[in-house]
Amino acid sequence: MPLKREYLDQGRPLQDIYMASMAEKLHNETQALALLSASLGRIKSSHSSTNNSEYQSPIPQQAPPSGVDPQMMLHDRMDSLEQEIYRMKRKYKRRTDDMESEFQELQQQILALEAWKIRNERSRKSERIWILMISLSLAVGLWAFGAR
C-alpha cells in the first residue's frame, strides 16, 4: 500500500525504510512470477506434443534477479529501523531535557514572584499601619484642640 507524500516527507530514514520494503515486495513478486512462468512453461512443454496453436503462444519467462538476498534486505531494513529509533530516542531525550530546564526556570520565576508578593504585602501592611497611626493622631489632636 503506497504511503502519502506528507508522511514520507517526514524524514529520509523513513523513506529509506519504505523503499527497502517496496524493493523486497518487488523482489518477492518477481520471484512469484518467475515460479508461475516456470510452471506454465512445464505445462506448455507437456502439451507441446499436441501441436495446438493455443498452447504454442510464447510466455516470457523472467529469471529471478541475481545478487538480491531477501535476508540481506531484511537486515538492512532492521538496521534502518534501529537507527531511526536511536535518532528518535536522542531527539526526545533532548526535548525532555529542554522541557525539564524550562520547568525549573518557571519554578524559579514562581518562587521569585511569591517572594516579591510577600515583600509587597509586608510593605503595604506597614504603610497601612503608618496611615492608621497618623490618621488617629490627627483625629486625637483635632479633638483635643477642638475641645478647648
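Separating the CG atom in Leu113 from the CG atom in Leu106 is a distance of 10.5 Å, to the nearest 0.5 Å. Distance check: Leu142 CG to Ser137 OG gives 10.5 Å after rounding to the nearest 0.5 Å. With rounding to the nearest 0.5 Å, the separation of CD in Gln107 from CD in Gln109 is 11.0 Å.
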Can you give me every donor-acceptor pair (side chain of residues 76-86, partner residue at least two apart or in another chain, under 3.5 Å) with its distance?
from: Arg77; atom 1: NH1; to: Glu24; atom 2: OE1; distance (Å): 2.5
from: Ser80; atom 1: OG; to: Asp76; atom 2: O; distance (Å): 3.1

Quick one: side chains of residues 95-104, donor-acceptor pairs under 3.5 Å with protein atoms, not counting sequence neighbours, listed by atom name and distance.
from: Thr96; atom 1: OG1; to: Tyr92; atom 2: O; distance (Å): 3.1
from: Thr96; atom 1: OG1; to: Lys93; atom 2: O; distance (Å): 2.8
from: Ser101; atom 1: OG; to: Asp97; atom 2: O; distance (Å): 3.4
from: Ser101; atom 1: OG; to: Asp98; atom 2: O; distance (Å): 2.7

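Other members of the hydrophobic cluster containing Met133, listed by chain and number, are Ile129; membership follows side-chain contacts under 4.5 Å among ILVMFWY residues, whether direct or relayed. Summarising the hydrophobic clusters (Ile, Leu, Val, Met, Phe, Trp, Tyr; side-chain heavy atoms under 4.5 Å, direct or chained), the residues clustered with Ile131 are none. In this structure, Val140 stands alone, with no Ile, Leu, Val, Met, Phe, Trp or Tyr side-chain heavy atom under 4.5 Å from its own, directly or through other members.
Heavy atoms of other residues, nucleotides or ligands lying less than 6.0 angstrom from CZ of Arg90 number more than 12.
At least one side-chain heavy atom of Gln31 sits less than 4.5 Å from a side-chain heavy atom of His27.
For Ile118, the side-chain contact (heavy atoms from CB on, under 4.5 Å) test picks out Arg122, with sequence neighbours left out.
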